Each structure stands twice: as structure tokens, then as C-alpha cells.
There are 2 protein chains.
Amino acid sequence: MAKITDVARKANVSITTVSRVINNNSHKVHPATRERVLSVVRELDFRPNALAKGLHMKKTLTIGILIPDISNPYYAEIVRGIQNVADKAGYSVTLQNTDGKQEGIIRSIYLLREKSADGVIFSGGIITGYETLSILRELKERVVVIGRHEVDFPAVMADNMGGAAQAVRHLIGLGHREIGFIGGSDGSTTSLDRLTGYRNALAQNGLPFNEKFVRPGSWNPKSGYLMAKTLLKGKERPTAIVSANDQMAFGAIKAAKEAGFSVPEDLAVVGFDNVPLSSYFDPPLTTVEIPIQDIGAASMKMLVGLLSGSKFEKRKVFPTKLLVRESTVRNPQIRFDNPKVPR
Amino acid sequence: MAKITDVARKANVSITTVSRVINNNSHKVHPATRERVLSVVRELDFRPNALAKGLHMKKTLTIGILIPDISNPYYAEIVRGIQNVADKAGYSVTLQNTDGKQEGIIRSIYLLREKSADGVIFSGGIITGYETLSILRELKERVVVIGRHEVDFPAVMADNMGGAAQAVRHLIGLGHREIGFIGGSDGSTTSLDRLTGYRNALAQNGLPFNEKFVRPGSWNPKSGYLMAKTLLKGKERPTAIVSANDQMAFGAIKAAKEAGFSVPEDLAVVGFDNVPLSSYFDPPLTTVEIPIQDIGAASMKMLVGLLSGSKFEKRKVFPTKLLVRESTVRNPQIRFDNPKVPR
DNA sequence: TCGGGTATGGAAAACGTTTTCCAGACCTTA
DNA sequence: TAAGGTCTGGAAAACGTTTTCCATACCCGA
């Protein structure tokens with residue numbers, strides 16, 4: 001690959017001049033010279049080596065994303081949102097799988113530091129333990145977190161408590177009194193907050209919190225399926241279930257059907273996230289929509305602000321929105337979204 | 001951040017010695033000295049700067065992945081498979097969105113070249129046009145492609161033709177004669193091959209190819225939904241549909257239900273890929289499974305082989321497997337998988 | 001005591017850029 | 001014509017490593 005010295009030699013100038021031309025430096029260079037250099041650059045297809053450039057400038061235009069698992073559609077959407085903004089801002093993105101484990105987080109951060117990543121976006125899993133916290137702090141002024149965390153980094157999050165409460169209120173409004181909850185068991189603030197929202201809404205409506213109706217899931221369809229099965233088999237069973245994400249809700253619906261319950265008549269189910277497939281499910285899933293891509297995008301915008309030293313808000317909370325579909329009500333569009341539908 | 005000179009000064013040695021110690025160089029260094037250096041390394045939490053290292057060694061332990069869109073679960077699984085292998089082999093991964101467009105591909109490759117990525121894995125979209133081909137060729141010996149492409153790079157792929165044929169034969173075996181097909185319209189070899197497999201199987205079974213029963217989709221649920229609608233509305237309609245991926249199959253099933261057809265009784269549907277959710281759908285989706293993560297993993301293994309100069313097979317085709325579920329047959333497990341089930 | 005090997009460590013070049021001086025040529029003005 | 005400014009360009013340092021030589025000290029056998 002051509003390097004700057006090749007260009008300089010061929011154009012009969014010094015590397016200084018070449019550098020000035022390709023970087024549009026304010027230092028003046030004669031138009032004729034500039035043209036000569038540019039034509040050689042084109043001819044040799046020269047691109048400055050980013051390693052050398054980054055080494056000198058202490059800036060790589062690269063950021064790292066720390067997520068537990070890209071095959072979870074939630075994180076895939078987050079990443080997509082981040083990339084959309086990153087591309088425009090000229091940043092490349094390197095992906096780090098943490099599996100949600102501290103060890104993975106630590107390894108990833110060290111790696112990003114070695115590679116001189118300009119910044120880091122952290123999403124999923126929990127930040128805990130002295131080591132994690134201390135090496136993360138070392139990156140101060142370069143980290144944005146997604147979700148609520150016990151750290152003082154700039155953060156983007158959804159209103160998880162509010163969203164869960166919305167879901168519960170919707171069910172109560174439909175007459176449900178026994179409402180189950182399938183949550184996360186990873187100790188993340190996300191699962192915590194959604195559970196809290198559920199409890200709050202129950203309390204505010206004078207309904208008791210019944211521990212028997214709460215199950216710990218692990219965010220995937222299978223665990224939703226298994227947890228719903230145990231919720232439904234007893235004599236005393238909930239008539240509705242709020243699931244902490246859509247994937248588990250899909251599993252729960254499958255379990256309900258297998259147990260002979262029809263949804264929503266015998267069991268209403270509400271999901272969380274509004275992943276792309278949720279409206280195609282049968283029945284279409286009532287869910288608490290959170291603007292996943294927007295959250296990703298906002299986190300990247302925040303990081304760009306952070307890195308460029310410009311002003312920006314250090315905390316952004318996105319509201320959630322309950323999308324009522326048929327997993328809780330038949331013909332919801334008639335009752336809610338579209339009053340003009342013939343009746 | 002501590003650098004090698006800091007360590008050297010504090011340990012009273014030259015940077016040469018420090019470098020030797022941290023890289024376990026074969027050049028001998030006195031055990032006492034080594035210990036002294038290592039303790040300073042720990043104390044200062046020194047990690048060698050990867051930019052400087054990469055600049056000198058012409059090796060960055062970084063590879064790039066080119067995909068159209070990470071929010072498509074198929075690509076998410078591919079990436080996951082790649083990462084699993086990359087992590088073990090010590091490689092970092094940078095993600096490039098191409099949107100399936102040549103312009104995006106070109107931009108991405110230039111970027112990876114600038115950043116001195118050691119290699120590239122290309123998946124999705126088509127390689128076409130002189131420019132793309134020529135810059136890709138420049139990276140020769142560093143590229144692995146996923147899918148069949150008109151280039152001579154090492155490649156990993158699934159048996160798309162065979163898989164589509166399997167699906168069609170299954171439907172014919174169930175008595176279907178009018179079988180529709182919803183394919184891709186992006187000109188990719190994947191959509192081409194799946195269509196070809198469909199046609200071949202029809203021909204081999206003496207069934208006519210009916211252009212009216214073929215629709216171009218764009219891989220997402222919505223297009224499956226729309227295309228199925230047009231397939232089903234005429235008087236002359238297929239009794240079964242093969243969809244070129246699961247996402248479109250989901251959409252097709254929704255369309256069928258809305259049109260008043262029950263699946264599989266009135267319309268049988270077969271998908272392709274076996275994405276994680278397909279067994280949770282209602283009805284559970286009969287689909288041609290392809291081992292997506294394995295394909296990703298194999299491509300990375302191939303790339304590692306390529307980069308390390310060791311021997312490896314330059315072409316790997318994964319077989320597909322038809323998973324019969326209820327979108328084509330009621331109680332398939334009784335008829336196929338598990339004859340011991342009480343009847 | 002000498003010759004030659006081994007053990008250990010360092011100096012300096014090289015990787016490919018950007019940027020800070022510095023310098024010469026030319027022009028303008030008095 | 002001299003003084004000073006404006007254009008234009010280059011030399012060299014710096015970024016943080018690895019690696020190739022080279023150098024010294026020590027030891028061993030003869």
C-alpha cells in the first residue's frame with residue numbers, strides 16, 4: 001500500500017506538503033502544487049494509515065460497544081441505532097461481547113484501552129465490583145451508559161418503572177385482579193425497575209402484591225415459556241401476565257396455548273420492548289414500546305458530545321408507550337387506535 | 001496512561017528489556033530483572049499501546065465484518081458465531097453496515113484498509129461492479145465471504161438449493177400441487193439459489209412452474225405479509241407457500257389468518273433459516289434450518305487459517321435440515337420425530 | 001592468563017503519520 | 001534600495017512500540 005513518502009517522492013514535494021494537502025491544513029500550499037499532489041494521491045490510491053495517524057493524534061475515531069449478546073434483538077437494535085449516528089459522525093464501531101459477566105466487561109475495557117478507542121458505550125449487565133468500577137472510572141469522560149446504573153456517567157434510559165406501571169394499569173382497567181409478572185433474574189436495574197413499576201401500580205390500585213405470581217426469567221423465549229407454565233399450573237393462577245420483555249412474552253403465550261388457555265380470553269399477556277416481530281405474533285402482542293434504536297442513537301450522540309467537548313445533556317430518559325394489541329383485548333384498534341373503523 | 005518508558009525508568013532497565021519481558025521474548029532476561037519489571041508493570045497497570053504495536057508489526061488483531069443490517073436476526077447470529085471464534089483467537093471485531101449497497105461496501109473496505117484490519121468477512125448483499133471487485137481483490141488473502149459469490153475468495157455457505165428443494169418435496173409429499181414462493185428481490189445468490197431449488201424440485205416431480213405463484217419479497221415480515229396477501233387473493237391460489245426466510249414466513253402466516261385461512265389446514269407455510277423465534281410462533285414454523293452461528297464461526301476459523309498461513313479448506317458448504325413443525329402438519333412430532341408418543 | 005563462549009542488557013532504527021519551527025523567495029512600500 | 005511582510009515549502013521531532021545489532025561481564029577450560 002502506498003504511503004505518504006511514495007506520494008511525496010512522486011509529486012516532488014516533502015511529506016509535509018502532502019500531509020497539508022490531504023488534511024486541508026490552513027497552512028497555504030500553492031494551487032498548482034496541491035493539484036499535483038492530489039493527482040498522485042488518486043493515482044496511487046493513497047489513504048493515510050490510521051494507526052500512524054491515531055498514534056500521533058491520540059484520537060482514533062473508533063468507539064467500543066459493550067453488550068451481553070448481539071443475538072438478542074434488543075441489543076441488535078441498540079447497536080443499529082448507535083451505528084447510524086456513528087457512521088454519520090465518522091466513527092467506527094467495535095463490538096464487545098461481555099456475556100453480562102464482570103470478567104468479560106473487564107477484559108473488554110482493557111482491550112479498548114489498549115486499542116485507544118476514543119469512547120465506550122455500555123449497555124446491559126451490571127457494573128459492580130471494585131475492579132470494574134475503577135477501570136471504568138479511568139475512562140472517565142469517555143463513557144456513556146445505557147440504562148440506570150449506580151455510577152455518575154452520562155446515561156440514556158427508558159422509563160422502565162413508568163412503562164411497567166402502564167402495563168399493569170391497562171390490565172387492571174380491563175378488570176384483571178390477579179396479575180403475574182415474569183421478570184429478569186440478572187439483578188440488572190432494568191429488571192429491578194420493571195418489577196418496581198409493577199408493584200407500584202398494584203399498590204396504587206389497592207391490589208395486594210402476591211409473591212406467588214412473580215417469576216424470575218432470563219429474557220429469552222424459553223424461560224418465558226417455562227415460567228409461565230409454573231404460573232399457570234396451580235389452582236390459584238393469574239388471569240394476566242406482564243413480561244419484562246417481548247421474548248419471554250412469546251414463550252408465555254406458547255405455554256398458555258399448550259395449557260389450553262386462549263389468549264386474551266383466558267389469559268392476557270403484555271410484553272415489553274416492542275421488538276419488530278411483536279405485531280406479527282398471534283395474537284399480536286400488547287407491549288410497552290420503548291424506542292430502542294432511538295436510545296442507541298441518543299447514546300452515541302451523547303458520546304460524540306462528550307468527546308468533542310461540546311455541551312450536552314448528561315441524562316436522557318425516554319418515555320414508554322403502551323401499544324394495545326390483541327394479546328390483551330380483542331379488536332383493540334376499534335376501541336383505541338382507530339375510532340373511524342366501521343362498527 | 002503508563003507507557004513503556006515509564007516502566008523502564010521505574011524498573012531501571014531499558015525499554016528493550018521491558019518489551020522482552022511482556023512479550024515473553026526468547027531473548028533471555030535475568031529472572032530477578034524480569035520480576036522487577038513485572039512488578040512495575042502491575043503497579044502502573046501498563047498495557048502496550050496497540051496502535052504503536054500494530055504500526056510496527058503490521059498486524060492489529062482486528063477484523064472487519066461487512067453486513068447489510070445488524071437488526072436482521074440472521075446477521076446477528078452470523079456475527080455472534082464470528083465473535084465466539086474471534087474472542088478465542090484474540091481478534092477484535094469491527095462492524096460495518098453496508099445497507100447492501102455497493103457504495104456502503106466500498107466505503108467500508110476503504111475504512112478497514114485505513115485502519116489496517118487484518119482481514120474481512122463479507123456477508124450479505126452482492127459483490128458487483130468494477131470498483132468493489134478491484135478494491136476487494138487488493139485485500140486478497142485477507143477476505144472470506146459467506147454465501148456463494150462470483151469471486152474466488154474462500155467461502156462458507158449453506159446448501160440453499162438443496163434446502164429449498166427439501167421444503168418443496170416435503171410439501172409435495174403432503175399432497176400439495178400448487179406451491180407458491182416468496183423470495184428475495186435483491187439479486188443475491190441466496191435468493192437466486194433458493195428459487196432455483198424450488199424450481200428444480202417442482203420439475204423433478206413433474207409439476208409445472210407457475211410464475212403467478214412467485215413473489216419478490218425483501219426479507220422482512222412486512223414484505224412477507226404483503227406478498228402473501230397478493231398470492232392469496234386471486235381465485236387461483238397456492239395451497240402452500242415456501243418463503244425464502246422465516247421473517248417473511250411470519251408475515252405470510254399473518255396474512256393467511258387475516259384472509260380467513262387456517263394454517264396448515266388451508267395453507268401450509270415453510271420458512272427458511274430457523275431463527276430462534278420460529279418454534280415459538282403459532283403455529284410453530286416448519287422451516288429449513290441452516291446452522292447460522294456455525295456458518296459464522298466457520299468463516300472466522302477460515303479467516304484465522306488464512307491469516308496465519310496454515311492450511312485450511314477454502315470452501316465449506318453446510319447442509320440444511322428440514323424441521324417439520326405445525327405450519328405444515330398437525331402433530332408433526334407424532335408423525336416424524338417421536339413415534340413413542342402415546343396415540 | 002588467555003581465548004572464546006554464554007548470559008544479560010542497551011542503543012538505535014523503523015513503523016507512517018502530524019505538526020512545529022524555520023527558511024528562502026518574492027512582493028510591497030517608503 | 002532597504003525593510004518588512006506574505007507565500008510557500010521543508011527538516012525534524014514526536015507518537016509508543018518491536019527488533020536488530022552490538023557491548024559488556026562473567027565463566028570455563030586449557
Side-chain angles (χ1 to χ4, degrees), chain A residues 1-38 40-41 44-62 90 92 110-118, chain B residues 1-38 40-41 44-62 90 92 110-118:
Chain A
M1 283 210 338
K3 39 192 192 178
I4 200 170
T5 52
D6 299 332
V7 177
R9 192 172 327 115
K10 192 145 191 171
N12 258 316
V13 292
S14 73
I15 60 171
T16 309
T17 301
V18 177
S19 174
R20 279 174 185 146
V21 169
I22 61 180
N23 293 310
N24 267 325
N25 194 300
S26 63
H27 191 101
K28 284 201 174 171
V29 6
H30 195 92
T33 316
R34 150 168 280 115
E35 258 324 304
R36 189 150 36 94
V37 170
L38 283 177
V40 175
V41 164
L44 300 184
D45 199 16
F46 167 72
R47 308 262 164 158
N49 179 312
L51 294 182
K53 192 165 182 167
L55 181 58
H56 190 89
M57 314 242 292
K58 294 177 174 309
K59 191 158 168 33
T60 55
L61 286 177
T62 298
S92 301
Y110 270 122
L111 203 65
L112 290 171
R113 211 181 68 174
E114 280 176 34
K115 302 216 167 171
S116 305
D118 290 343
Chain B
M1 281 212 338
K3 40 192 190 177
I4 200 171
T5 52
D6 299 332
V7 176
R9 190 171 329 114
K10 193 146 190 170
N12 257 317
V13 292
S14 74
I15 60 172
T16 309
T17 301
V18 177
S19 175
R20 279 172 184 146
V21 169
I22 61 180
N23 292 312
N24 268 325
N25 193 300
S26 64
H27 191 101
K28 283 201 176 173
V29 5
H30 194 93
T33 316
R34 152 168 277 114
E35 257 326 302
R36 190 150 36 94
V37 170
L38 283 178
V40 175
V41 165
L44 300 184
D45 200 16
F46 167 72
R47 307 262 165 157
N49 179 314
L51 294 183
K53 194 166 181 166
L55 181 57
H56 190 90
M57 315 242 292
K58 294 176 175 308
K59 191 159 167 35
T60 54
L61 286 177
T62 298
S92 300
Y110 271 122
L111 203 64
L112 290 171
R113 211 182 69 174
E114 279 177 36
K115 301 216 168 172
S116 305
D118 291 342

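Everything quoted here is computed from the prediction, not taken from an experiment.
Between the side chains of Ser92(B) and Lys115(A), at least one donor N or O lies within less than 3.5 Å of an accepting N or O.
Comparing dT17(D), dT18(D), dG9(C) against the side chain of Asn23(B) picks out dT18(D) as the nearest. Which of dT19(D), dT8(D), dT8(C) sits closest to the side chain of Met57(B) comes down to dT19(D). Among the nucleotides dG9(D), dA11(D), dT17(D), the one closest to the side chain of Val29(A) is dG9(D).
Dashed line: the shortest gap from a side-chain N or O of Ser14(B) to OP1 or OP2 of dG9(C) is not under 4.0 Å. OP1 or OP2 of dG10(C) lies within a sub-4.0 Å distance of a side-chain N or O belonging to Thr17(B). Phosphate contact (OP1/OP2 of dC15(D), side-chain N/O of Lys59(A), threshold under 4.0 Å): absent. Between Thr33(A) and dG9(D) there is a side-chain polar atom (N or O) within less than 4.0 angstrom of OP1 or OP2. Not one side-chain nitrogen or oxygen of Asn49(A) sits closer than 4.0 Å to the OP1 or OP2 atom of dC15(C). Between dT18(D) and Ser19(B), a contact under 4.0 Å exists linking OP1 or OP2 to a side-chain N or O. Close to dT8(D), at under 4.0 Å from its OP1 or OP2, lies no side-chain N or O of Lys28(A).
Between the C1' atom of dT19(D) and the NZ atom of Lys53(B) lies a distance of 13 Å, rounded to the nearest Å. If you measure from atom NE2 of His56(B) to atom P of dA14(C), you get 11 Å, rounded to the nearest angstrom. Here dT17(D) presents its C1' atom at 13 Å from CG of Asp6(B), a figure rounded to the nearest Å. A straight line from CG of Asn25(B) to P of dA7(C) spans 15 Å, rounded to a whole angstrom. The nearest whole Å value for the distance from the CD atom in Glu114(B) to the P atom in dT18(C) is 11 Å. Atom pair His30(B):NE2 and dG10(C):P shows a separation of 13 Å (rounding to whole Å applied). Between Ile15(A) atom CD1 and dT20(C) atom C1' the separation is 13 Å, expressed in whole Å. For Ile22(B) and dT19(D), the CD1 to P distance is 11 Å, given to the nearest whole Å.
A distance-only check finds a donor-acceptor pair linking the side chain of Thr62(A) to the backbone of Thr60(A) [under 3.5 Å]. For the pair Arg36(A) (side chain) and Ala11(A) (backbone), a donor-acceptor distance under 3.5 Å is present. The closest donor-acceptor contact from the side chain of Asn25(B) to the backbone of His27(B) lies under 3.5 Å. Between the side chain of Asp118(A) and the main chain of Lys59(A), no donor-acceptor pair closer than 3.5 Å is present. Although no hydrogens or angles enter the test, the distance criterion places a donor-acceptor pair under 3.5 Å between the side chain of Asp6(B) and the main chain of Lys3(B).
In terms of polar N and O atoms assigned as donor or acceptor, the side chain of His27(B) comes within less than 3.5 Å of the base of dG9(C) in a complementary pairing.
Comparing Leu51(A) and Arg20(A) by the nucleotide of DNA chain C that holds the closest heavy atom to each, the one mapping nearer the 5' end is Leu51(A). Residue order along DNA chain C, read from the 5' end via each residue's closest nucleotide, puts Asn12(B) first among Leu55(A) and Asn12(B).
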